[in-house]
Amino acid sequence: MSIWFGTPTVEELAQSSLKGVAEQLGITFTEIGEDYLELRMPVTEKTLQPHGILHGGVSVVLAETACSVGATLTLDTEKQFAVGQEINANHIRPGTPGDVITARATPISRGRSSQVWDIRLHNQDGKLVCISRCTMAIRDHA
């Protein structure tokens, strides 16, 4: 059974297009399952830290983008919205230039006032790059 409010598709999400930092980093939607969402981002010059590997903060941007979009897709956005409350990340292996990182966000808990999401980042070879957990506050529109 799908967790989504309505029936979102990757094509619809791609048309809505990500703005701001997500757009600057080349983050795109790739898949929506019954209970998960995937986004992808290339490792390029603009995503590197001084040692030539994927910047940890950029991994966190990808993770939070995935769970923010995921949480929002579970809500009636005319009544509620989701905002990031807490995020953590464990960096397992470096992403290197030319890699493509996929973030899969899956909810751990979806309550009335908060949601907790697990986000796993893998490279194109399926190797784990980062594990993140994000808590989203669910708020009613005024």
If we only count heavy atoms from C-beta on, is the Ile3 to Pro107 side-chain gap below 4.5 Å? yes
Between OG1 on residue Thr47 and CG on residue Leu62, distance to nearest 0.5 Å: 10.0 Å
Taking His51 for its side chain and Ile53 for its backbone only, find out whether a donor-acceptor pair lies under 3.5 Å. no
Atom pair NZ (Lys46) and CG (Leu48), whose distance is rounded to the nearest 0.5 Å: 11.5 Å
Identify the heavy atoms of Leu25 and Pro42 that sit nearest to each other, and give their distance. O-CD, 3.9 Å
Short side-chain to backbone donor-acceptor contact, Glu64 and Val61, under 3.5 Å: no
Testing the basics here: between Gln85 and Ala137, what is the closest heavy-atom pair and its distance to 0.1 Å? OE1-CB, 3.5 Å
Any chance you could lay out the side-chain contact (heavy atoms from CB on, under 4.5 Å) test for Phe81 and His141, step after step, and finish with the verdict? CA-CA 7 Å; Phe81 61 99; His141 287 291; 3.6 Å; yes
Quick one: closest heavy-atom pair of Ala89 and Cys130, and the distance? CB-SG, 3.8 Å
To the nearest 0.5 Å, what is the distance between CG (Leu121) and CG (Asp99)? 11.5 Å
So Leu39 and Thr30, do their side chains get closer than 4.5 Å, heavy atoms only? no
Gln115 side, atom CD; Thr135 side, atom OG1 - distance, nearest 0.5 Å: 10.0 Å
Determine whether Thr106 and Leu37 make a side-chain contact, defined as any pair of heavy atoms from C-beta on separated by less than 4.5 Å. no
For Tyr36, is the NZ or CZ atom of Arg104 found under 6.0 angstrom from the centre of its six-membered ring and inside 45 degrees of the ring axis? yes
Considering all heavy atoms, the nearest Ile138-Ala82 contact: CD1-CB, 3.8 Å
Using modelled atom types only, decide if a donor and an acceptor are shared between the side chain of Gln80 and the backbone of Asp140 within a distance under 3.5 Å. no
Polar side-chain atom of Asp76 near backbone of Glu78 as donor-acceptor pair, under 3.5 Å: yes
Rounded to the nearest 0.5 Å, what separates atom CD1 in Ile87 from atom CD1 in Ile119? 5.5 Å
With a 4.5 Å cut-off on side-chain heavy-atom distances among I, L, V, M, F, W and Y, is there a chain of contacts connecting Val129 to Ile27? yes
Asp125 CG to Arg93 CZ distance, which is reported to the nearest 0.5 Å: 9.5 Å
Does the side-chain contact (heavy atoms from CB on, under 4.5 Å) test come out yes or no for Ile131 and Asp118, once each step is laid out? CA-CA 8 Å; Ile131 298 172; Asp118 175 74; 4.3 Å; yes
Taking the side chain as every heavy atom from C-beta outward, state whether Glu86 and Cys134 have any atom pair closer than 4.5 Å. no
In the structure I gave you, are the side-chain heavy atoms of Met41 and Val58 within less than 4.5 Å of one another anywhere? yes
I want to check something: taking the side chain as every heavy atom from C-beta on, are Arg133 and Trp117 in contact at a cut-off of under 4.5 Å? no
Between Met136 and Ala71, which heavy-atom pair has the shortest distance, and what is it? CG-CB, 3.9 Å
Applying a strict under-4.5 Å side-chain criterion to I, L, V, M, F, W and Y, I'd like to know whether Val69 and Val10 cluster together. yes
Hey, are the side chains of Thr77 and Phe5 touching, using non-hydrogen atoms and a 4.5 Å cut-off? no
Same cluster (ILVMFWY, side-chain, under 4.5 Å), Val21 and Val43: yes
Using atom types as modelled and distance alone, determine if a side-chain donor or acceptor of Arg40 lies under 3.5 Å from a backbone N or O of Val100. no
Does any part of the side chain of Trp4, heavy atoms only, come nearer than 4.5 Å to the side chain of Thr74, both counted from C-beta? yes
